[in-house]
Participant: 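Handing you a structure now.
Please read all numbers here as calculations on a predicted model, not as lab measurements.
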Amino acid sequence: MRVSTVDELMVLLANGADVWDMPDRSGDPVDILDHDRQCAELLRQRYPLDAELQVAGLVHDIGHQLVPGDDAGHGRHGADAIRVLLGDRVARLVELHVVAKRYLAATDSAHTARLSPSSQRTLLAQGGPMNAAEIAEFRADPDFDAALALRRADDAGKVVGLTVAPLNSWLPVIERVAAEQNPFHQDEVDRGAPPSAPSQPPKW
């Protein structure tokens with residue numbers, strides 16, 4: 001599935017309410033929408049000038065909704081879905097948040113010990129800790145630092161009952177990132193016009 005418009009993306013994100021990363025609800029203690037908003041909020045606080053990183057945090061787990069049960073492939077599914085709309089860097093960060101987990105498992109024992117039980121269980125399905133060659137290759141990646149930042153926010157953003165900004169507060173940020181991929185969309189944003197007025201009232 002490819003997400004073609006900002007409105008489609010907002011609906012998909014909203015539909016993450018009461019949807020869980022593991023179909024049997026044995027995974028994270030918060031639903032996908034809550035987790036994604038917590039992750040994005042942490043990144044907004046820590047990296048206020050990097051809108052692409054923030055948006056990557058907001059959408060990083062939509063692959064769980066697109067292909068339920070495929071934990072090992074959820075980063076790839078999410079990246080493929082939003083690449084055209086949000087650009088290559090956001091898509092790469094979405095895909096790399098799984099890779100970064102494998103890196104941290106190999107290099108940061110304290111971080112690994114703090115992983116949720118679900119993340120510890122799925123680590124092996126995602127390839128397990130990196131070997132030395134994979135570590136060297138990942139450290140050379142231009143998005144290495146941002147991918148690690150996303151991963152650390154991902155692991156931290158699982159607090160039951162935490163109050164964070166509502167989903168609709170992210171619309172202007174998503175619009176700006178999407179506008180950078182589409183000059184016509186940018187013109188509409190600059191004029192204050194809605195880039196893609198939905199035919200039905202928004203569900204978010």
Participant: For Asp88, which residues count as a salt bridge (charged side-chain N to carboxylate O under 4.0 Å, His left out) partner, sequence neighbours excluded?
Facilitator: Arg83

Participant: Can you tell me which residue pairs pass the salt bridge (Lys or Arg N to Asp or Glu O under 4.0 Å) test with a partner in residues 123-132, sequence neighbours excluded?
Facilitator: none

Participant: Start with the C-alpha distance between Leu96 and Phe144, add both sets of side-chain angles, then the distance that settles side chain to side chain contact (heavy atoms under 4.5 Å, CB included), and finish with yes or no.
Facilitator: CA-CA 9 Å; Leu96 286 175; Phe144 171 75; over 6 Å; no

Participant: Please check if atom CD in Glu137 has more than 12 non-hydrogen atoms from other residues, nucleotides or ligands closer than 6.0 Å.
Facilitator: no

Participant: Between Ser169 and Arg44, is any pair of side-chain heavy atoms under 4.5 Å apart?
Facilitator: yes

Participant: Under the criterion side chain to side chain contact (heavy atoms under 4.5 Å, CB included), I'd like the reasoning laid out for Leu86 against Glu180: C-alpha separation, chi angles, the key distance, then a yes or no.
Facilitator: CA-CA 8 Å; Leu86 299 178; Glu180 293 174 0; over 6 Å; no

Participant: Quick check for you: to the nearest 0.5 Å, what is the distance between Arg46 atom CZ and Leu53 atom CG?
Facilitator: 10.5 Å

Participant: Do you know the tightest heavy-atom contact between Ala113 and Gln120?
Facilitator: O-NE2, 3.7 Å

Participant: Do Thr5 side-chain atoms and Glu8 backbone N/O form a donor-acceptor pair below 3.5 Å?
Facilitator: yes

Participant: So, taking the atom named CZ in Arg37 and the one named CD1 in Ile32, what distance separates them when rounded to the nearest 0.5 Å?
Facilitator: 13.0 Å

Participant: Under 4.5 Å between side-chain heavy atoms, counting indirect links through other Ile/Leu/Val/Met/Phe/Trp/Tyr residues: same cluster for Leu43 and Val90 or not?
Facilitator: no

Participant: When rounded to the nearest 0.5 angstrom, what is the spacing between OH in Tyr103 and CG in Asp141?
Facilitator: 12.0 Å

Participant: Could you pull out all residues at least two apart from Arg102 that satisfy salt bridge (charged side-chain N to carboxylate O under 4.0 Å, His left out)?
Facilitator: Glu134

Participant: Kindly give the heavy-atom pair with the smallest separation between Ala14 and Leu167, and that separation in Å.
Facilitator: N-CD2, 3.6 Å

Participant: Check the hydrophobic clustering (I, L, V, M, F, W, Y; side-chain heavy atoms under 4.5 Å; chains of links allowed) and say if Leu58 and Leu9 are grouped together.
Facilitator: yes

Participant: Roughly how far, to the nearest 0.5 Å, is the CZ atom of Arg92 from the NE2 atom of His97?
Facilitator: 14.0 Å

Participant: With Pro129, which of Leu123, Thr112, Thr107 fulfils side chain to side chain contact (heavy atoms under 4.5 Å, CB included)?
Facilitator: Leu123

Participant: Linking I/L/V/M/F/W/Y whenever any side-chain heavy atoms sit under 4.5 Å apart, do Leu93 and Tyr47 land together?
Facilitator: yes

Participant: Identify whether the distance between the nearest side-chain nitrogen and carboxylate oxygen of Lys158 and Asp31 falls below 4.0 Å.
Facilitator: no

Participant: Work out which heavy atom in Leu66 is nearest to a heavy atom in Ala81; give both atom names and the distance.
Facilitator: CD1-CB, 3.5 Å

Participant: Between Glu175 (side chain only) and Leu171 (backbone N and O only), is there a donor and an acceptor less than 3.5 Å apart?
Facilitator: no

Participant: Give a yes or no on whether Ile174 and Ile82 share a hydrophobic cluster (residues Ile, Leu, Val, Met, Phe, Trp, Tyr; joining criterion: side-chain heavy atoms under 4.5 Å apart).
Facilitator: yes

Participant: Is Leu42 linked to Leu150 within one hydrophobic cluster, defined over Ile, Leu, Val, Met, Phe, Trp and Tyr using a side-chain heavy-atom separation of less than 4.5 Å?
Facilitator: no

Participant: Could you measure the distance from the CG atom of Leu33 to the CG atom of Asp18? Nearest 0.5 Å is fine.
Facilitator: 10.5 Å

Participant: Measure the shortest side-chain to side-chain distance between Val11 and Asn15 over non-hydrogen atoms and say whether it is less than 4.5 angstrom.
Facilitator: yes

Participant: Answer yes or no: is there a side-chain heavy-atom contact under 4.5 Å between Gln181 and Leu85?
Facilitator: no

Participant: Where the side chain of Gln65 meets the backbone of Leu12, is there a donor-acceptor pair that is under 3.5 Å apart?
Facilitator: yes

Participant: Say you draw a straight line from CG of Asp154 to CD of Gln38; how long is it, rounded to the nearest 0.5 Å?
Facilitator: 11.0 Å

Participant: Without swapping roles, check the side chain of His64 against the backbone of Gly69 for a donor-acceptor pair under 3.5 Å.
Facilitator: no

Participant: Looking only at atom types and distance, does a side-chain atom of Asp143 sit under 3.5 Å from a main-chain N or O of Ala146, one as donor and one as acceptor?
Facilitator: no

Participant: State whether Glu95 and Arg76 are salt-bridged, where the test is any N-O pair (Lys NZ or Arg NE/NH1/NH2 against Asp/Glu carboxylate O) under 4.0 Å.
Facilitator: no

Participant: Just to verify, which of Arg114, His111, Lys101 counts as forming a side-chain hydrogen bond (donor to acceptor under 3.5 Å, both in side chains) with Asp155?
Facilitator: His111

Participant: Test Leu104 against Arg152 for side chain to side chain contact (heavy atoms under 4.5 Å, CB included), laying out the working first.
Facilitator: CA-CA 9 Å; Leu104 289 171; Arg152 292 187 187 279; 3.4 Å; yes

Participant: Please find the pair of heavy atoms, one from Ala51 and one from Val173, that lie closest to each other, and give the distance.
Facilitator: CB-CG1, 4.1 Å

